[in-house]
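Let me begin by presenting the structure, written as structure tokens, before commenting on it.
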Number of protein chains: 2
Amino acid sequence: MARPVEFDESKVLTSAMEQFWREGYEASSVQKLLDCTGINRGTLYNSFGDKNTLFKSCVDQYNRLVEKQIANSLKNEKLQAWDAIKAYFDEAVINVSNKRRSMGCLLANSLCESINYDRDMKKVVRASLAIIRKALVLRLKEAQKKGKVKKGISVEFAADVLMNSLHGVRVNSRDGKNAKQLNELIKHTINSLKK
Amino acid sequence: MARPVEFDESKVLTSAMEQFWREGYEASSVQKLLDCTGINRGTLYNSFGDKNTLFKSCVDQYNRLVEKQIANSLKNEKLQAWDAIKAYFDEAVINVSNKRRSMGCLLANSLCESINYDRDMKKVVRASLAIIRKALVLRLKEAQKKGKVKKGISVEFAADVLMNSLHGVRVNSRDGKNAKQLNELIKHTINSLKK
DNA sequence: TTACTAATGGAATTCCCATTCAATTAACAG
DNA sequence: CTGTTAATTGAATGGGAATTCCATTAGTAA
């Protein structure tokens, strides 16, 4: 009936996501978003709402990326618990060390930006982090059942330790540390929990 | 001879520092900086240069804060190496859990913001982080000499692990985690290095 | 072909941003 | 008191921000 869309929604969201990821919410002007996505002003407002709404959609896009990584690692049934956990962190490190070198993590970056004070946004970001933590907890429970978690360490605490190290690695990635260095840090953290 | 200054430079810098710390560089408009410092537009430009220069002065102010914390802990000669290291992290956690609750770390926040792509700014932020790391290394060397570092762990790597955990804790602080939770994370990290 | 619908393109609007500047003020030296 | 100097004040400037709006375009159904 009407004129068909010309843009590829997923590609637009990925480009916008990378812009927000690299420079943050405040520094990503609508003009920059138009430039990097190739869409037009009217299209952005017609099809993606305003900048704030677009940002939330970008976090959703980021979630899809994270869920793919989780599917490849934590939810890979061929892997033992700790191997799966290590595999997830490998994915996470690779993700910030190639094309997306020194971009850190969209979620951690957002926590550190003023956008964090927008309640709605905080909810969205926290929900995404909860997805990662939940997948870690599942595998940690498996590891504990098999007696492979150091005694005195609860599954919940181990998950906190891993998430803390993940955040640290992401900040360090923005400081320019390379994949090898980040991997060593992760390995150390895992060894501090593993029996 | 001339009219004397009416503002207290250190107070102005502290207020501006807290504004940048809370909301980041981009979201801190000159208007907000005037509101929180109480100084006037002209005064800001006359006495503190432009927004960019003011930000750098605020990082210097942050450094003075960090140096006080280091003097109280890492450079406290009454404390043994690991106690001094623990004391430093206690200071760091207290710092983000009272008035400055959930503000994280000005330096880590800046790394996660786009400001990170300003070369000059990055240099300033990195220099500040290097001060902390250097003070940690001194104490870690002491600990190692006394055989109190787990074997197979170099002083440099231990410093990286501590800095990584510190960054993680700061991101977690912005996510609203309380002092107790942050302390547990720090304790775990220290125990993973200590013999 | 024609009428209809929704996407597109970009000019226009409104607002807030950082920065400049000229007038005013306050202390002090003579 | 007076002239000098520098701090203070806030109006003015110019640019870029987010957003709105409407004329144009392109496909589809009749």
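Every heavy atom of this structure was used, including side-chain atoms; hydrogens, water molecules and symmetry mates were not. Numbered from 1 within each chain, the chains take letters A, B, ... in sequence-line order. Model, not experiment: these values are computed from the prediction.
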Go along nucleotides 12-25 of chain C 5' to 3' and tag each nucleotide: B for a protein heavy atom under 4.0 Å from its base, S when only backbone or sugar atoms are that close, - otherwise.
-----SBBB----B
Check residues 83-90 of chain A and write down every donor-acceptor pair under 3.5 Å in which the side-chain atom is one partner and the other belongs to a residue at least two apart or another chain.
{"unit_1": "Lys86(A)", "atom_1": "NZ", "unit_2": "Asp90(A)", "atom_2": "OD1", "d": "2.6"}
{"unit_1": "Lys86(A)", "atom_1": "NZ", "unit_2": "Asp90(A)", "atom_2": "OD2", "d": "3.4"}

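Note: CG (Asn40(A)) to C1' (dT8(C)) measures 6 Å, nearest angstrom. In this structure, the CG atom of Leu34(B) is 11 Å from the P atom of dT9(D), given to the nearest Å. With rounding to whole Å, Glu9(A) atom CD is found 11 Å from dT8(C) atom P. In this structure, CZ of Phe7(B) is placed 10 Å from C1' of dT8(D), rounded to the nearest angstrom.
An OP1 or OP2 oxygen of dA7(D) is reached within less than 4.0 angstrom by no side-chain nitrogen or oxygen of Thr43(B).
Applying the salt bridge (charged side-chain N to carboxylate O under 4.0 Å, His left out) test to Arg133(B) and every residue at least two apart in sequence or in another chain returns Glu156(B), Asp160(B). Residues satisfying the side-chain contact (heavy atoms from CB on, under 4.5 Å) test with Lys195(B), not counting sequence neighbours, are none. Taking Tyr45(B) as the reference, Val30(B), Asp50(B) meet the side-chain contact (heavy atoms from CB on, under 4.5 Å) condition, with sequence neighbours excluded. With sequence neighbours excluded, the residues forming a salt bridge (charged side-chain N to carboxylate O under 4.0 Å, His left out) with Lys56(B) are Asp120(B), listed by chain and number.
Arg139(B) places a side-chain N or O within 3.5 Å of a backbone atom of Leu74(B) that can act as its donor or acceptor partner.
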